[in-house]
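Reviewing the structure listed below.
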Number of protein chains: 2
Amino acid sequence: MIGVMALEHAILVSLLEKPGSGYELARRFDRSIGYFWTATHQQIYRVLKRMEQDGWVDVRDVPQQGRPDKKEYSVADLGRAALTSWLHDPIEPESVRHDLAVKIRGAAFDDDPAALTREVERHRQAHRDRLAHYLAGQARDFPESEPGEAAPRAPLDAERELQHVVLRGGIAYERMMIDWLDDVLATLARFGPGR
Amino acid sequence: MIGVMALEHAILVSLLEKPGSGYELARRFDRSIGYFWTATHQQIYRVLKRMEQDGWVDVRDVPQQGRPDKKEYSVADLGRAALTSWLHDPIEPESVRHDLAVKIRGAAFDDDPAALTREVERHRQAHRDRLAHYLAGQARDFPESEPGEAAPRAPLDAERELQHVVLRGGIAYERMMIDWLDDVLATLARFGPGR
DNA sequence: ATGCACATGTAATAAGTTACATGATTCA
DNA sequence: TGAATCATGTAACTTATTACATGTGCAT
């Protein structure tokens with residue numbers, strides 16, 4: 001078996017970090033985990049059901065005051081074994097899908113290339129927003145990391161260190177994207193007015 | 001309608017750059033276009049058939065010597081209009097899927113974190129290979145760009161400039177990934193031996 | 001009463017992957 | 001004759017998206 005079905009594994013990692021309900025998982029997938037994996041609540045509930053049937057997770061009904069009851073999921077032994085197995089299984093270096101790159105090459109055949117400039121500026125702003133959000137998260141959750149320093153000075157526990165290095169990856173990605181979109185805008189400006 | 005169904009649009013762009021058969025498209029999706037969009041030949045033949053039915057592309061039987069005949073596809077007016085419409089339609093800044101990031105956070109719950117080191121090294125090598133491939137392509141197809149210079153000196157035609165800026169994006173992405181994977185390896189080394 | 005955050009789902013559709021299948025021509 | 005490249009497809013399955021659907025409790 002090759003590296004497939006990663007949503008299950010992302011859920012397992014998230015539940016190992018902290019047990020929670022489908023709703024809570026959906027919110028995490030809009031935040032920290034969502035930085036490198038997206039999933040809607042519909043998908044999460046469906047997969048969670050299957051994982052429960054397969055014995056990967058345990059469920060516990062949690063009555064709540066002031067809000068609807070919830071089902072709290074936690075990782076069972078079988079789930080942990082499945083995760084370990086997946087972790088030891090090599091995966092293919094991911095194949096990227098960049099809609100925006102398709103649009104940029106497509107702009108050569110567009111009568112109105114100014115539309116692309118506006119679109120690229122929108123995306124650039126979105127990446128700036130995301131970068132600001134990541135940096136705020138880093139300052140809040142990893143205050144020990146000095147600005148300009150790639151790594152914390154003293155070794156911490158593995159879980160936190162690994163969360164931090166993933167966050168640094170997100171930060172590097174957003175910075176790269178902003179720089180590249182600047183390059184795209186400069187390129188568009190160079191031949192745009194002369195058309 | 002929001003920005004969906006981008007395979008059709010990637011095919012339209014590719015056919016506008018140069019008409020070709022499904023087989024040729026599949027090979028392009030393993031090369032230049034494949035840098036930012038992947039598709040198998042099965043997918044391409046299926047979508048091409050639908051696009052033909054919708055009048056987006058024209059087909060022409062091309063008898064060949066020394067090899068099987070092929071169907072050459074080219075973009076019809078309806079297809080060009082569909083592309084323009086999609087180009088002018090804003091798309092969401094893409095949601096990323098990084099299996100490797102899931103694995104990295106998951107490694108905190110793995111008995112054998114050395115397995116992740118090997119996996120990260122494999123990925124790092126794959127990104128180095130891809131970077132070398134991109135740089136070779138740049139040297140071959142855009143010799144006017146000086147090393148260390150972000151952009152060509154004299155304005156070229158839009159199609160080439162846009163292809164080049166997309167390639168520069170691929171190069172920036174691979175460089176960022178290699179640097180980040182170095183950071184990951186350093187992080188793993190810091191707490192790995194002490195476990 | 002209206003809207004919002006919390007909470008959990010089903011159904012239909014679209015998109016993507018994997019396995020299977022065929023056939024031509026060239027070259028060793 | 002056997003492998004490699006070129007060329008085109010079908011079928012089954014899995015995954016992801018979109019639309020629809022329901023209900024609690026709190027605050028305004």
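Proteins get letters first, then strands, A, B, ... in listed order; numbering begins at 1 in each.
Each of A/Gln42 and B/Arg97 was assigned the nucleotide of DNA chain D with the nearest heavy atom; the assignment lying further toward the 5' end belongs to B/Arg97. The residue among B/Pro68 and B/Tyr73 whose nearest nucleotide of DNA chain D lies closer to the 5′ end is B/Pro68.
The side chain of A/Arg50 sits closest to D/dT15 out of C/dT8, D/dT15, C/dC6. The side chain of B/Lys49 has D/dG9 as its nearest neighbour among C/dC6, C/dG9, D/dG9. Side-chain proximity of A/Lys70 to D/dC6, C/dG16, C/dA7: nearest is C/dA7. The nucleotide whose nearest atom lies closest to any side-chain atom of B/Thr40 is, among C/dT18, C/dA7, C/dA24, C/dT18. Ranking D/dT8, D/dA7, C/dT8 by closeness to the B/Lys71 side chain, first place goes to D/dT8.
OP1 or OP2 of C/dT17 lies within a sub-4.0 Å distance of a side-chain N or O belonging to B/Gln43. OP1 or OP2 of D/dC6 has not a single side-chain nitrogen or oxygen of B/Ser21 nearer than 4.0 Å. Applying the 4.0 Å criterion to OP1 and OP2 of D/dT8, one finds that B/Tyr45 has a side-chain N or O inside that range. Between A/Arg67 and D/dC26, a side-chain N or O to OP1/OP2 separation shorter than 4.0 Å is absent.
Under 3.5 Å, the side chains of A/His88 and B/Glu119 contain no donor-acceptor pair of N or O atoms.
Nucleotide C/dA24 holds its C1' atom 12 Å from the OH atom of B/Tyr23, rounded to whole Å. For the pair B/Glu92 CD and D/dA16 P, the interatomic distance rounds to 19 Å; values are reported in whole Å. Atom CD of A/Glu72 and atom C1' of C/dC6 are 15 Å apart (whole Å). Rounded to a whole Å, the CG atom of B/Leu7 is 10 Å from the C1' atom of C/dG16. Rounded to an integer number of Å, the gap from A/His41 NE2 to C/dA7 P is 13 Å. Regarding B/Glu8, its CD atom lies at a distance of 11 Å from the P atom of C/dA14, rounded to whole Å. Rounded to whole Å, the distance from CG on A/Leu25 to C1' on C/dA7 is 13 Å. Note: CD (A/Gln53) to P (C/dG9) measures 12 Å, nearest angstrom.
Sequence neighbours left out, not one pair with a member in residues 27-43 of chain A passes salt bridge (charged side-chain N to carboxylate O under 4.0 Å, His left out).
We find that A/Lys49 and A/Glu52 are not joined by a salt bridge, their nearest charged nitrogen and carboxylate oxygen being 4.0 Å or further apart. In this structure, B/Glu24 does not pair ionically with B/Lys18, as no charged nitrogen and carboxylate oxygen lie closer than 4.0 Å.
By the 30° and 60° cut-offs, the orientation of the rings of B/Trp86 relative to B/His9 is parallel.
The base of D/dT17 sits with one of its N or O atoms less than 3.5 Å from a complementary donor or acceptor on the side chain of A/Arg46.
Other residues, nucleotides and ligands contribute at most 12 non-hydrogen atoms within 6.0 Å of the CZ atom of A/Arg128.
Contact annotation for A/Gln64: backbone-only contact, meaning every heavy-atom pair under 4.0 Å involves sugar-phosphate atoms and none involves a base.
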